[in-house]
Amino acid sequence: MASSELVKFQHVSKSFKTSKKKEHEVLKDVNLVIRKGKIFGIIGYSGAGKSTLIRCINGIEDTTQGKVFFEDKEINQLSKKSLRQVRGQIGMIFQQFNLMPARTIAENVALPIRYSKLGKQKIKEKVKKMLELVGLPEKANAYPSSLSGGQKQRVAIARALINDPKILLCDEATSALDPQTTQSILELLKKLNKSLGITLVIVTHEMQVVEDICDEIAVLNKGKIVEQGDVYSIFVNPQAELTKRFINTTSKLNISDSLLNTINLTEEQRLVKITYISDEAVVPLISIISLKFKIKANIIVGDIKILRGKPLGGLIIVLDGESAQVTDTLKYLKEQKNIQVEVYQNGRFL
Ligand SMILES: Nc1ncnc2c1ncn2[C@@H]1O[C@H](COP(=O)(O)OP(=O)(O)O)[C@@H](O)[C@H]1O
Ligand SMILES: [Mg+2]
């Protein structure tokens, strides 16, 4: 295994027995590599096999076929003792936080190291450091019930990090939180990735989460990875239908029927959708075409954002001018390399 690789799945399949004779194949020939220091997203609908997949990383689930490696160790081949050691390097957080209600926040955070050789004082110091790291230094003696959802997840993160793991597995960690709290937890995870260099695996059914923090993603459909790669390439040029569906949930570059009805195109006007398909420099297209072709370009919908420093999204515009000008403008636009140009005809953009 290359030194940059932390986790590797090779032809991993996993079946559960559903009755004496029947089996349900939950993971199907999964191949993936999670590299050190990266934020790796796994997205799929409920039941796709996401939780099963990440549980194979720390050996909570064993595989039916194939191999899972953590660094150079094959998880399913480890002795109980070695597996315990490996698990010490793998932290995990969940949608429901899983805090112990009868213990204080400090006790909750200390749980993974309570039987370690560290003395009481050292443990106390470590807990303090962890609570500072997640922004909750004042909550050490509080109980979980007095905390908000976001604060509970911060405590769970502190607990997961107390062993200084190399990787943090996040299973729908923000799915129970409101959008604002989700943002603050994602910011915290990003900060931890940067400052500690810890590798993150983010399991989610929300493409917005992927867009916000992941470097690379795998799209899981009924146990199969249908697409994987770096987040920008996938967002600008998704291949699988499922990926496109997920991306649509984060794009405003759609035009509703009611909006369409309000645009009465004349014979010469064209409704045009322009989307970025590469990270080449963004040029002021609209002013260029209006000057160059003496044409009016009215923006109907605009949704351009910057993803990992590169442009994503685009515009829906109405081109308005004489027929020859419109034709020339379209020709010019289609020659531009970093955009895709689609013209609305027969009820859709083609
Ligand atoms: N221990 C188990 N026994 C039997 N079936 C299971 C078990 N764990 C998960 N499954 C099934 O595997 C499929 C994938 O589950 P899961 O990995 O939890 O998906 P996700 O996390 O994407 O929602 C589901 O159909 C689920 O019912
Ligand atoms: Mg799950």
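The first residue of the sequence shown is numbered 1, and numbering continues consecutively from there. For ligands, and for the atoms within them, numbers begin at 1 and follow the listed sequence.
- Counting protein heavy atoms only, atom 25 (O) of ligand 1 is closest to His24 CE1, 3.2 Å.
- Only side-chain heavy atoms of Val26 come within less than 4.0 Å of ligand 1; its backbone N, CA, C and O stay farther off.
- Of the protein's non-hydrogen atoms, Phe16 CE2, 3.5 Å is the one closest to atom 1 (N) of ligand 1.
- Donor-acceptor pairing under 3.5 Å is lacking for the side chains of Asn261 and Ser258.
- Under a cutoff of 6.0 Å and an axis angle of 45°, Lys310 and Tyr232 form a cation-pi pair.
- Within the structure, ligand 1 lacks Gly44 among the residues with a heavy atom less than 4.0 angstrom away.
- Under a 4.0 Å N-O distance rule, the pair Glu211/Lys305 qualifies as a salt bridge.
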For residues 340-350, run the donor-acceptor check on the side chains, cut-off 3.5 Å, and write out each pair with its distance to 0.1 Å, sequence neighbours left out.
| residue | atom | partner | partner atom | Å |
| --- | --- | --- | --- | --- |
| Gln340 | OE1 | Thr275 | OG1 | 3.4 |
| Tyr344 | OH | Gly347 | O | 3.3 |

Inset, instruction - Might you work through the side chain to side chain donor-acceptor pair (under 3.5 Å) test for Ser82 and Ser79, ending with a clear yes or no? - result: CA-CA 5 Å; Ser82 314; Ser79 65; 2.8 Å; yes

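- Put simply, atom 9 (C) of ligand 1 has protein non-hydrogen atoms near it, under 4.0 Å away.
- Considering backbone and side-chain N/O atoms, Lys50 comes within less than 3.5 Å of an N/O atom of ligand 1.
- Considering both main-chain and side-chain atoms, Ser51 comes within under 3.5 Å of ligand 1 through a nitrogen or oxygen pair.
- Under 3.5 Å, the side chains of Glu227 and Thr243 contain a donor-acceptor pair of N or O atoms.
- Formation of a donor-acceptor pair under 3.5 Å by the Ser13 side chain with backbone atoms of Lys28 is not found in this model.
- Using modelled atom types, one finds no donor on one side chain facing an acceptor on the other under 3.5 Å when comparing Lys67 with Gln10.
- For ligand 1, the atoms closer than 4.0 angstrom to any heavy atom of Thr52 are 15 (O), 16 (P), 17 (O).
- Close approach to Gly49 involves these atoms of ligand 1, each under 4.0 Å from a residue heavy atom: 14 (C), 16 (P), 17 (O), 19 (O), 20 (P), 22 (O).
- In this structure, atom 27 (O) of ligand 1 has no protein heavy-atom contact shorter than 4.0 Å.
- Distance check for Ser51 against the Mg ion (ligand 2): an N/O/S atom falls below 2.8 Å.
- Looking at Val134, Leu136, Leu133, Ile162 one by one, the single match for side-chain contact (heavy atoms from CB on, under 4.5 Å) with Ile157 turns out to be Val134.
- If you check which protein heavy atom lies closest to atom 23 (O) of ligand 1, you get Gly47 N, 2.6 Å.
- The Tyr45 neighbourhood of ligand 1 comprises atoms 22 (O), with distances under 4.0 Å to a heavy atom of that residue.
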